[in-house]
Amino acid sequence: MGAAVFFGAFFWLVSLLLASLIWFVSVHLSDREDAKLQYGLLIFGAAVSVLLQEAFRFAYFKLLKKADEGLATISEDGRSPISLKQMAYVSGLSFGIISGVFSVINILADSIGPGIVGIHGDSPYYFITSAFLTMAVVLLHTFWGVIFFDACERRRYWCLGVVVASHLATSGLTFLNPWYEASLVPIYIITVCTGLWAFVTAGGSFHNVLKCLSCKQEADSRVMMYSALRVPFEE
Amino acid sequence: MTELSAHLPQFQHGQLTENFPDNHLSNTNDNSERRRHDNSERRRNDNPGSETNGQPQNNIQQVVEDEEEDEELTLKYGAKHVIMLFVPVTLCMVVVVATIKSVSFYTRKDGQLIYTPFTEETETIGQRALNSILNAAIMISVIIVMTILLVVLYKYRCYKVIHGWLIISSLLLLFFFSFIYLGEVFKTYNVAMDYITVALMIWNFGVVGMICIHWKGPLRLQQAYLIMISALMALVFIKYLPEWTAWLILAVISVYDLVAVLCPKGPLRMLVETAQERNETLFPALIYSSTMVWLVNMAEEDPEAQRKASKNSTYDKQANQTQNGDAEPDDGGFSQEWQQQRDNRIGPIESTPESRAAVQALPSNSQTSEDPEERGVKLGLGDFIFYSVLVGKASATASGDWNTTLACFVAILIGLCLTLLLLAIFKKALPALPISITFGLVFYFATDNLVQPFMDQLAFHQFYI
């Protein structure tokens with residue numbers, strides 16, 4: 001599983017590389033002086049990047065599925081040791097971690113050094129909002145991973161469409177920064193909704209949560225079983 | 001030398017050499033002496049990587065195993081090996097990057113090595129390119145010459161020379177380079193220190209290091225020391241190699257590694273084969289192993305027998321016996337009371353070296369379950385060094401800073417993972433440098449030139465993708 005995290009990160013990085021290549025080429029082919037055009041190209045680049053990320057998530061799904069099948073065929077009981085749900089979680093988490101880290105690490109490094117936030121007229125809340133946005137992005141990627149894999153597994157392609165659309169929406173909402181009320185609040189609403197959806201997709205329910213919180217009965221029944229097994233032995 | 005080999009419990013005791021049933025990934029002799037020469041001034045562990053997983057020569061008893069079980073175990077332990085190597089490689093890189101970021105000494109230009117005589121501060125780009133190509137060519141030819149020298153020395157059994165060489169270079173690394181490192185760290189943090197304390201610290205560090213690496217010591221300590229000397233060596237390279245030269249050297253050395261390990265007449269391959277023919281163990285100090293390689297006495301003369309009896313069980317697994325034929329009573333680590341009890345229960349049995357050897361020779365099925373867990377992987381220190389050089393250079397000179405460093409880090413680890421996968425599939429000596437360094441270089445240049453401006457613009461407007 002540890003290696004799977006790195007593979008997920010690798011796939012995300014490759015998608016980012018391709019997207020920045022496209023953006024770079026488009027910038028160099030266009031007029032550098034035109035600010036509006038550059039802004040437009042940046043938005044275009046971001047959209048392409050989102051689409052490529054989802055495409056690579058799909059590619060990662062295919063790869064993991066193949067690996068899963070391979071493991072299943074050579075294992076003793078025909079079932080693979082890792083469940084698809086675990087893989088979905090790991091893939092989402094790896095995408096989330098690398099995406100979050102890439103977004104925020106330079107900001108963190110700069111935040112150590114001497115400086116004043118927003119001295120040129122930008123928002124003074126840059127750091128804290130970056131932190132919150134990054135957290136939302138990491139969580140979102142994790143949830144999207146779970147939903148995406150489940151949708152691919154059960155061939156519910158409309159789910160895939162919704163995931164891609166929500167990713168595009170999230171990215172688009174960040175274009176409203178620094179109008180943080182309009183960007184942060186909807187993004188968090190999307191995060192919570194996606195979280196609930198992912199929870200339900202992964203098999204969770206209110207009942208499960210209750211059972212988890214009061215985790216007593218299960219252990220007892222197992223004890224009964226063992227003691228039942230022991231009896232013939234002593235004879 | 002990069003050698004990635006799964007460790008096999010092997011027992012060399014002159015008479016009985018046998019492969020235990022549970023060697024799947026394995027391969028015997030960890031022989032990858034692809035050591036690189038060290039010159040007296042600077043120790044360069046530039047061993048191109050190779051991972052050895054060669055077939056054991058003396059396969060007296062090949063246990064017939066179920067193919068599927070074989071493959072399953074291979075993959076399962078392959079995955080375990082991946083993690084076992086990720087941790088030390090990551091640690092080495094972390095140490096190097098942390099040093100580069102905090103201690104400015106290693107990013108300051110203070111001249112160049114004699115192996116790279118041409119300067120890179122020239123007027124035209126063409127001149128700079130030419131100089132760096134010449135530098136890389138000189139460095140690589142020095143490396144090739146030294147490797148061939150090493151192979152020749154090994155072939156003609158000049159072990160003393162090789163040993164002496166290794167000891168001198170580890171002395172240099174453990175004492176001199178760490179002294180410089182410590183000095184620079186103190187300067188960075190403005191710590192007042194007297195020579196006596198420093199002398200005491202360096203002396204202890206160095207002596208314990210020499211003992212751990214060349215003789216016996218706790219596994220973790222040995223691993224820690226190997227990581228530290230790789231980091232020190234990588235820092236030296238980062239400091240003294242000019243930019244373009246460094247990238248060129250990395251590229252050329254991975255090509256060289258590929259050629260040297262896979263071509264039939266390659267020096268490294270010849271080294272591996274010679275070592276396998278002779279069924280010899282590796283020299284220490286140039287290979288990182290994740291489990292106990294050197295026999296720490298399964299059953300040798302041990303005066304602290306009682307205390308060590310419990311420890312022996314962990315070291316037991318990779319039994320690599322080298323009986324040194326002493327005539328002293330060898331109780332095999334069993335205490336007197338235990339022997340009394342045993343005699344009472346099952347009758348008097350002497351535990352002698354011969355009897356223990358005979359027992360060891362039996363294919364033990366019980367070990368099948370425990371051994372694979374203990375079976376380790378080995379990676380040459382040259383790999384650690386070059387991976388760290390790549391990541392360190394990325395963190396020192398990239399405009400993208402942390403993004404580039406992280407991208408290179410992920411790329412290298414993925415390359416290592418793929419190499420391990422290939423190792424599990426092909427089961428022969430493989431170079432560990434090419435895939436990782438290729439990915440690392442591609443990601444470095446791509447991230448620095450393409451991704452960085454993009455992410456920069458996005459961060460400026462606080463856009464998220």
Side-chain angles (χ1 to χ4, degrees), chain A residues 1-3 6-7 9-10 12-14 16-21 23-25 27 38-39 41-43 45-50 53 70-71 73-76 81 98-99 101-109 122-123 126 129-130 133-134 136-137 167 170-175 177-178 183 187, chain B residues 66-76 78-87 90 101 395 399-418 420-421 439 442-443 445-465:
Chain A
M1 279 295 111
F6 284 106
F7 267 105
F10 182 70
W12 188 88
L13 280 174
V14 173
L16 182 65
L17 220 125
L18 290 174
S20 22
L21 179 66
W23 175 81
F24 193 76
V25 165
V27 161
Q38 295 302 315
Y39 191 78
L41 280 178
L42 194 65
I43 296 186
V48 166
S49 164
V50 166
Q53 279 178 49
L71 279 174
T73 48
I74 64 174
S75 84
E76 291 163 349
I98 191 76
S99 168
V101 164
F102 255 65
S103 310
V104 91
I105 192 108
N106 277 330
I107 298 175
L108 277 179
D122 301 303
S123 161
Y126 187 78
T129 50
S130 293
L133 275 172
T134 312
V137 161
H167 194 168
T170 311
S171 186
L173 280 169
T174 59
F175 295 159
N177 282 332
S183 67
I187 287 181
Chain B
D66 208 15
E67 275 251 333
E68 288 175 359
E69 205 183 295
D70 205 9
E71 266 186 56
E72 179 193 343
L73 278 168
T74 302
L75 280 180
K76 218 196 282 178
K80 206 161 184 253
H81 294 166
V82 165
I83 299 299
M84 283 202 271
L85 281 184
F86 271 15
V87 175
T90 310
K101 289 287 180 200
S395 77
S399 58
D401 228 15
W402 287 103
N403 282 350
T404 320
T405 312
L406 278 171
C408 289
F409 169 69
V410 171
I412 289 181
L413 286 185
I414 293 296
L416 186 62
C417 199
L418 288 176
L420 280 165
L421 196 68
F439 278 2
V442 164
F443 269 74
F445 287 110
T447 313
D448 205 30
N449 298 315
L450 297 175
V451 176
Q452 180 43 32
F454 185 47
M455 294 303 285
D456 214 21
Q457 281 293 304
L458 287 175
F460 179 69
H461 295 281
Q462 215 175 7
F463 292 168
Y464 278 71
I465 49 168

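Letters A, B, ... mirror the listed sequences (proteins, then strands); counts begin at 1. The analysis underlying the following values was restricted to heavy atoms, covering all of them including side chains, and did not include hydrogens, waters or symmetry mates.
Considering only heavy-atom pairs separated by less than 4.5 Å from chain B, the leading option among A/Ser49, A/Ser20, A/Ala46, A/Gly172 is A/Ser20. For the set A/Val27, A/Asn177, A/Val137, A/Val25, the count of heavy-atom pairs under 4.5 angstrom toward chain B peaks at A/Asn177. When A/Val14, A/Val50, A/Leu133 are compared by the number of non-hydrogen pairs under 4.5 Å with chain B, A/Leu133 comes out ahead. Of all the listed residues (A/Gly45, A/Ala19, A/Ser123, A/Ala47), the one sharing the greatest number of non-hydrogen pairs under 4.5 Å with chain B is A/Gly45.
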Below 3.5 Å, can you tabulate the donor-acceptor pairs from side chains in residues 445-452 of chain B to any protein atom, sequence neighbours excluded?
unit_1	atom_1	unit_2	atom_2	d
B/Thr447	OG1	B/Phe443	O	2.5
B/Asp448	OD1	B/Ser399	N	3.1
B/Asp448	OD1	B/Ser399	OG	3.0
B/Asp448	OD1	B/Gly400	N	3.3
B/Asn449	ND2	B/Phe445	O	3.0

Please output the side-chain donor-acceptor pairs of residues 403-415 of chain B that fall under 3.5 Å, not counting sequence neighbours, one pair per line with the distance.
unit_1	atom_1	unit_2	atom_2	d
B/Thr405	OG1	B/Asp401	O	2.9

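Neither the backbone nor the side chain of A/Ser183 comes within contact range of chain B; no heavy atom of the residue lies under 4.5 Å from a heavy atom of that chain. Within the 4.5 angstrom heavy-atom criterion, atoms from both the backbone and the side chain of A/Tyr126 approach chain B. Of the two parts of A/Gln53, only the side chain, counted from C-beta on, holds a non-hydrogen atom closer than 4.5 Å to a non-hydrogen atom of chain B. Looking at A/Phe10, the atoms closer than 4.5 Å to chain B (heavy atoms on both sides) sit in the backbone and in the side chain alike. With a threshold of 4.5 angstrom between heavy atoms, A/Thr134 approaches chain B through its backbone and through its side chain. Interface remark: B/Phe86 contributes side-chain atoms only to the contact with chain A (heavy atom separation under 4.5 Å). At a 4.5 Å heavy-atom cutoff, the contact between A/Ile98 and chain B is made by side-chain atoms alone. Contacts of A/Ser99 with chain B are made by side-chain atoms alone, with heavy-atom separations under 4.5 Å and no backbone atom involved.
Using a 30° and 60° split on the angle between ring planes, B/His461 and A/Tyr39 fall in the perpendicular class, above 60°.
Contact detail for A/Phe102 and B/Met455: the closest heavy-atom pair is O-CE, 3.7 Å.
In this structure the side chain of A/Leu16 reaches within 4.5 angstrom of the side chain of B/Ile465, judged on heavy atoms. B/Leu418 is listed as a side-chain neighbour of A/Phe7, based on a closest heavy-atom distance under 4.5 Å. A 4.5 Å side-chain heavy-atom check between A/Trp23 and B/Pro453 finds at least one atom pair inside the cut-off. Within the 4.5 Å cutoff, the side chain of B/Cys417 has no heavy atoms near those of the A/Phe6 side chain.
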